[in-house]
Amino acid sequence: MSEKASNKYPVNLLDTAFPMRGDLAKREPGFLKQWQDRQLYKKLRERAKQENRPKFILHDGPPYANGEIHLGHAVNKTLKDIIIKSKSLAGFDAPYVPGWDCHGLPIEHQIEKIAKSDDKAVKANPDIHARIVAFRKENGLGEKETHLPAAFVRELCRAYAAKQIEIQKEGFIRLGVWGDWADPYQTMAFKTEANIVRTLGKIHANDYIVKGQKPVHWCVDCGSALAEAEVEYEDKVSPAIDVGFRFVDTTALSQAFGGVNLQDQPAYAIIWTTTPWTLPANQAVCVHPELTYDLIATPRGLLVLAADLAESALKRYGIEAAEVIAKAHGSRLNLLQLQHPFLDRQVPVILGEHVTTDAGTGLVHTAPAHGLDDYLVGLHYHLPVENPVGGDGRYIGSASFAPGKTVWEANPLVIAVLDEHQALFANEKLKHSYPHCWRHKTPIIFRATTQWFIAMEKAVDGTTLRQHANKAVDDTEFFPAWGRARLEAMIGNRPDWCISRQRNWGVPMTFFVNKETGDLHPRSGELLEQVAQRIENEGIEAWFKLDAAELLGDEAAQYEKLKDTLDVWFDSGSTHYAVLRQREELGWPADLYLEGSDQHRGWFQSSLLTGCATEGRAPYKQLLTHGFTVDDKGHKMSKSKGNGIEPQEIFNSIGADMLRLWVASADYSGEMSLSQEILKRTTDAYRRIRNTLRFLLANLSDFEAAQALPAEQLLTLDRYALVELAAFQQRVTALYDRYEFHSAVQEIHRYCSEELGSFYLDIIKDRLYTTKADSAIRRSAQTALWHVTQSLVRILAPILSFTAHEAWEVLNGDDDSVFLSTWHPAPSIADAAELSTRFALIREVRTAAQKDIEVLRAEGKLGSSLQAEVEIAAGGELHDALASLGDELRFVLITSKAVLKRSDALTIGVTPSVYTKCDRCWHYVPSVGTVAGHATLCARCDDNLHGHGEARTHA
């Protein structure tokens, strides 16, 4: 309506307190304060308890307490929040207790950096640096002393973690995430630390804890064993060498190859390795029992090589004159003796299924101290596990080879010795994937140490932990489904879990071990509970300061406290007991765990194993996995590349709801792309939703729920709108239930744009604006709009939480909250199925008529569609469907006239109206000019303005 027309002939153009511009970045903090001031999360918990709602438990995988939140954090927490809020709206009691992982090496490293006066670390943590300076002064230490007492380091670690938690908590709250922020869980909370220890005790009681001298991933920079989840694979250039192990007994070798005449030539088993430094620890050479091996005569002697790899190997050696003189399966070579290439040691040929022909020679150098496959095959052959390498990556002083040298320094020395002994057949450089420490990004080694493990293959009551874990995976529902195969593969292939670490800041392994035998105290379970009680009161420091005599009495002289701390993955992996079992509002097992795809090897797996080792099942029913964030070109985001977008930047520019909408819109099952262009498209999508809400709220500003009409009194179109609303709500809530949020966003956009904007709202504008404010036909439309808005605001709430809160306040006031409500009960429409069928036909005709009208508009023969008159000929069900609208047909078509005739075939004719346009309703009708005193007004508008009566339809 023009301003002139609306002033001369007023229409029902209403305003609303819901502004067109969201201005989210400025207004969201105010909404947060309202939530906090009104204690809405607490009220939701109370209401859920009063209504005895069924529980839905999403257990929070704890982020590490280190640094401000990044985009990955925002994705993770938003997905969790969408689920929690949608479950609450679905009628569940869905508490959310956020948590933090607090122990471990990264925090310890930060304290080390601050102690070493690293500029960046000191600038970020001046308070902790000041404490270190004061401590040095009080204790007479030098200004640059970095070797601080362990107890003081742990105290600083605790303070650092507490500070990081507050920083991250602020970011998560700003994101609009609901939860018990006043009482989150922390793995460094005394009670949690005690219950982590109790989890260890339960696993020990179930007999899964074992000690072993076993090769583990070892970071020389950390000075500690690494869990599987702490290992990354990056490219590395290594020396790739072929080495000859000379056969000691050529007669035995001849027999293995069928009695062939060796003519007293030297014979070599040729191995290929990219870790020359491990050769001093060699104890055997392994072949596959079923592979075929060639005995090849060459100028360098007789060489044994796998038949499939012989040609490529000889090419590496530069040997052209070669003859295969015999063949044999690997099983024939078992236990033949070889001379170590440069040590005074004989080693056997052994058999192993792990040998492949992917590369190399088909014969594998075997050092049980430096490789898991080597260790396992060595167990079968009772090979010694001799580790000449210390925790710092240097050969220990007693080693006969390169004492004091690092393993990397030893590589060229080993190669030189091999060459000197004429055992080096090839030496090349190879770029290959190699394990690295995820913290230091430096290459790691396999190194045998005394460690404590959770045994995967130890049978307890006839079932191994691996079997329990495989069953638990079978019983878990995965979103997306491919997560099952990934976790299955990791459980099926993983070694025993090394749970011990040689660190300072961590939950201690509170065992007493015999000083002579290394065995655990026979009363370990009882003693562990006594220690746990102390930790519950004093924290982990209770163990470190404990005098063993306090618990062991006279036995103390025979035992010592274990110095190891627990792997931090054990900390977080046991929170299902330490948190879910302990907090009244939660429950065990959780309904859902949700984390990034890297957690199949991390938290999902550590939780699964601790659950199976304590309870015989997984601590979760469902697993949801989301991908990582990348830029629009698929590149990993980083500050150095300049393609990173931080959550704080989005909060301060366009608001958290825009970030939440992007998260919900993206398909989290793969990589999630974000760029400024994508954010712009997200903003455009948000604007469509907001404009829809604004239209709805404006047209309800003079309407109250008490004025709603019963469903059976509504106009046909309005009843159909409620049928479509119910179907829309059912689709979206089902998508929420299946965690298909990007599809839910698509449904919301489609509904706002097509179902409402392009159809229903477009049609009823005339009725809303031009009929009497309190007329039944306007109240009919408003009744439908009220239900639509009540439903839409709730449906938006899990995703656009701030916007839904704002819309709810305008719609319903502040007595309640959208987050305290449940899905809106759409009215039941008795003839819903028939209406859906009928309007499907009507909408097909409407679409066809609009196309014909657009043709005339493009030709300049029509202005708006209201200038058109339409004549439709139709038969059968189509005619009956159109006829059921009566005079409403022209309003559905948004034309000034619609004539329906019966015919066997559908035809549509569109002509420009010959009548004058009404200044108020803009319809072209014959009654314009017939109203006394109002030459530009139609009779219908005159009736609506001056109260001559009211018809049941618009006419």
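In this chain, residues are counted from 1 in sequence order.
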F628 side, atom CZ; S673 side, atom OG - distance, nearest 0.5 Å: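 These two atoms lie 14.0 Å from each other.
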For N470 and E488: C-alpha separation, side-chain torsions, deciding distance, then whether side chain to side chain donor-acceptor pair (under 3.5 Å) applies. CA-CA 7 Å; N470 286 333; E488 278 177 340; over 6 Å; no
Any non-hydrogen side-chain atom of [X] less than 4.5 Å from a side-chain atom of [Y]?
{"X": "T625", "Y": "F478", "answer": "no"}
{"X": "M456", "Y": "Q467", "answer": "no"}
{"X": "T476", "Y": "L608", "answer": "no"}
{"X": "M672", "Y": "V630", "answer": "no"}
{"X": "T610", "Y": "S606", "answer": "no"}

Are [X] and [Y] linked by a side-chain donor-acceptor pair shorter than 3.5 Å?
{"X": "Y434", "Y": "D235", "answer": "no"}
{"X": "H59", "Y": "H576", "answer": "no"}
{"X": "R750", "Y": "Q746", "answer": "no"}
{"X": "S801", "Y": "R660", "answer": "yes"}
{"X": "Y720", "Y": "R843", "answer": "yes"}
{"X": "Q676", "Y": "D632", "answer": "no"}
{"X": "Q729", "Y": "W823", "answer": "no"}
{"X": "T803", "Y": "D657", "answer": "yes"}

List the steps, then state whether salt bridge (charged side-chain N to carboxylate O under 4.0 Å, His left out) holds for R681 with D684. CA-CA 5 Å; R681 293 201 296 268; D684 292 340; over 6 Å; no
Where the side chain of [X] meets the backbone of [Y], is there a donor-acceptor pair that is under 3.5 Å apart?
{"X": "T575", "Y": "D571", "value": "no"}
{"X": "K55", "Y": "E585", "value": "yes"}
{"X": "D180", "Y": "P184", "value": "no"}
{"X": "Y185", "Y": "D60", "value": "yes"}
{"X": "D23", "Y": "K26", "value": "no"}
{"X": "R617", "Y": "Y620", "value": "yes"}
{"X": "E747", "Y": "V732", "value": "no"}
{"X": "E28", "Y": "L175", "value": "no"}
{"X": "H600", "Y": "S597", "value": "yes"}
{"X": "R794", "Y": "V818", "value": "no"}

Walk me through it: do K851 and E854 pass the test salt bridge (charged side-chain N to carboxylate O under 4.0 Å, His left out)? CA-CA 5 Å; K851 288 180 180 178; E854 286 304 311; over 6 Å; no
Go through the steps for R581 and E615 under the test salt bridge (charged side-chain N to carboxylate O under 4.0 Å, His left out), then give the verdict. CA-CA 12 Å; R581 286 285 197 193; E615 304 285 350; 3.2 Å; yes
Ring-plane angle category for [X] and [Y], please: parallel below 30°, perpendicular beyond 60°, tilted otherwise.
{"X": "Y41", "Y": "W178", "value": "perpendicular"}
{"X": "F570", "Y": "W497", "value": "tilted"}
{"X": "W100", "Y": "W181", "value": "tilted"}
{"X": "H73", "Y": "H70", "value": "parallel"}
{"X": "Y739", "Y": "F479", "value": "perpendicular"}

The side chain to side chain donor-acceptor pair (under 3.5 Å) partner of E477 among K621, Q622, R484 is Q622
Would one find more than 12 heavy atoms of other residues, nucleotides or ligands at under 6.0 Å from atom [atom1] of [X]?
{"X": "K431", "atom1": "NZ", "value": "no"}
{"X": "E170", "atom1": "CD", "value": "no"}
{"X": "E649", "atom1": "CD", "value": "yes"}

What do the steps show when you test D81 against K77 for salt bridge (charged side-chain N to carboxylate O under 4.0 Å, His left out), and what is the final call? CA-CA 6 Å; D81 194 52; K77 281 293 194 281; over 6 Å; no
For F92, check ring-ring contact (aromatic ring centres under 6.0 Å, His included) against everything at least two apart and list the hits. none
Restricting to ring-ring contact (aromatic ring centres under 6.0 Å, His included), what partner residues turn up for H436, sequence neighbours left out?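 Not a single residue meets the ring-ring contact (aromatic ring centres under 6.0 Å, His included) criterion with H436.
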